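I have placed the structure first, in the form of structure tokens, so that the comments after it can refer back to it.
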2 protein chains.
Amino acid sequence: MFNRIEVKPAYRVVCETIEAQIVAGSLRPGDLLPTETQLADSFGLTRHTVREGLRQLEESGLVGRAAGRRLAVKVPDHAELAPRATQILRMQGVTFRELWEASMLLEPESARGAAGQITAQHLIALEANLAAMEAALNAGRSIIALDVEFHALLAAIAANKALMLAREPVSQLFFPALKQLFDHPRTRDTGPRRLIEAHRRIVDALRVRDSVTAEQWMRRHMQDFRRGYDVCGLDTDQPLPASFV
Amino acid sequence: MFNRIEVKPAYRVVCETIEAQIVAGSLRPGDLLPTETQLADSFGLTRHTVREGLRQLEESGLVGRAAGRRLAVKVPDHAELAPRATQILRMQGVTFRELWEASMLLEPESARGAAGQITAQHLIALEANLAAMEAALNAGRSIIALDVEFHALLAAIAANKALMLAREPVSQLFFPALKQLFDHPRTRDTGPRRLIEAHRRIVDALRVRDSVTAEQWMRRHMQDFRRGYDVCGLDTDQPLPASFV
DNA sequence: AATGTTGTATTGTTCAACAAACGCTCCTGC
DNA sequence: GCAGGAGCGTTTGTTGAACAATACAACATT
């Protein structure tokens, strides 16, 4: 009968009210919010209180500074969400196995989907990535960042928004976790070569829109990672060390 | 050469500084933050400026009110992130097809994983869900919420944090999208029955830890959804209507 | 046309308070 | 001895009136 009453601070109400207006559609992406003073007047609050609400709204990604100083409604981007998701996974002590199992699902599907959508434009980007990797390898620089980029490229080509959202945080953790591999004597020399080889094969398959082969090579590629982890004697059930930031 | 210069407001620096302390580990989950006045003194800012930073930190999920009023560092929960991810997908105009393709990957894996981890405790929860569904159906109430819950239960049982994070936002959109189906004359009568039947089969398979059958039935279950959508003449490539809130 | 200048609107920040809620200690009554 | 209040200090939530800094636009200058 009498449900739990919770008093929300005014700034929270401000945030929720504006958010509600946005999802309801009365404020559309691109629209400028009223000025802080106007909002304060409307709500019958001080500018300070309104500002605290706006700070939360800002962090939620629903508003941002489009052109000038004024806050504008925008469509939040999944690129903003990914780092936060990554952070959650790390702080919750996600294990290599969990990441690997997720990647084992998401990446092959990403490759498969890319085969159906790929354009000449995309191929150029992929080739550029491969070339950059070769160069980095020869120069003795790390290829991890380029690896992450490669997989992100594939996902972007596949153009499934749900998949991209799901994939990104996992990839942000999984691939950097492989840094250990490339530093390890057992895999330092062969690892990067095998990686580039797999990427090469995937691109070749995509060029001829061969989704089956692309998917197969991606799966092999993922299994390679897993095997490398084992070969190096690393425990797949341990939480990832915090150093992967 | 000359990169974009961005001057960050002080409240933003406050937020980032504290966040850095948390990820660096000098502030651990459970620790209380200093009081607003102390922070203001340390930073050499006004209490209000500090508060704006704290509001952002709060929204980011890294701090929260644990016991009393004081803010405490906490491990962010993926349950907080899911609604935001859902929002992003919806605002970006995600289509039924995208959601379905993602679910077609994630849900069967979820069922498969659950088979390996399930306990008597879990089975009780699943049975309770099934019973509640039967009851809801007989009473003519909607079973959508219970369906979402069923799939969330499976994911929780499978206990893969990366998978749960990936799955949740998709499920929050995908299953409610099926409301149309259960309102449509073509599937109104048979749909819910088939749904419960599939859930039943999955639970039965899980009870005997038969991961293959569980996964198969889940896949069939998903394909059923898709077929229903087609049968009702709905366009799978249209963005979901905004009414799924 | 490109570069200064001015003016105004809006955000960022400060200072000085006060109200309300919480946690704590200490005190009372049994 | 201890359960239950009464007070008290601490901390957050909120207000008010300012001022500084910046961005934008319109205009003047060269």
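Since the model is a prediction, treat every value here as computed from it, not as a measurement. Each chain gets a letter, A, B and so on, in the order the sequences are listed, and its residues count up from 1.
- The interatomic distance linking Y11(A) (OH) with dG13(D) (C1') rounds to 8 Å, in whole Å.
- One interatomic measurement links the two molecules: CD of E52(A) to C1' of dG13(D), which rounds to 8 Å at whole-angstrom precision.
- As judged by a 4.0 angstrom heavy-atom cut-off over every strand, T46(B) is placed among the base-contacting residues.
- For T49(A) and dG13(D), the shortest distance from a side-chain N or O to OP1 or OP2 is not below 4.0 Å.
- Closest to the side chain of R47(B), from the set dT14(C), dG13(D), dT15(D), is dG13(D).
- For the pair L33(A) CG and dT11(C) C1', the interatomic distance rounds to 13 Å; values are reported in whole Å.
- Contact annotation: the side chain of V94(B) never approaches that of R90(B) to less than 4.5 Å [non-hydrogen atoms, C-beta and beyond].
- The base of dG12(C) is not paired with the side chain of R12(B) by any donor and acceptor separated by under 3.5 Å.
- Here dT10(D) presents its C1' atom at 11 Å from CD of Q38(B), a figure rounded to the nearest Å.
- Atom CG in L71(B) sits about 15 Å away from atom C1' in dT10(D), given to the nearest Å.
- In this structure, V7(B) and K8(A) both approach DNA chain D, and ranking their closest nucleotides by distance from the 5' end singles out K8(A).
- Rounded to whole Å, atom P of dT12(D) lies 8 Å from atom CZ of R51(B).
- One can place CG of L45(B) at 18 Å from P of dA20(D), the figure rounded to the nearest angstrom.
- S110(B) has its side chain out of reach of H151(B): every pair of non-hydrogen atoms, C-beta onward, lies at least 4.5 Å apart.
- Taking side-chain N and O atoms only, R55(B) has a distance below 4.0 Å to OP1 or OP2 of dG13(D).
- When distances are taken from the side chain of P9(B) to each of dG12(C), dG13(D), dT10(C), the shortest belongs to dG12(C).
- Judged by atom type and distance alone, H48(A) reaches the base of dT14(C) through a side-chain donor-acceptor pair under 3.5 Å.
- Looking only at side-chain heavy atoms (C-beta outward), L105(B) and L163(A) come within less than 4.5 Å of each other.
- In this structure, V73(A) and L62(A) have side chains that are not in contact, with every pair of non-hydrogen atoms separated by 4.5 Å or more.
- Scanning both residues, L137(A) and I143(A), for their nearest heavy atoms gives N-CG2, 4.1 Å.
- Closest to the side chain of E36(B), out of dT14(C), dT15(D), dT12(D), is dT12(D).
- With rounding to whole Å, F43(A) atom CZ is found 17 Å from dT15(D) atom C1'.
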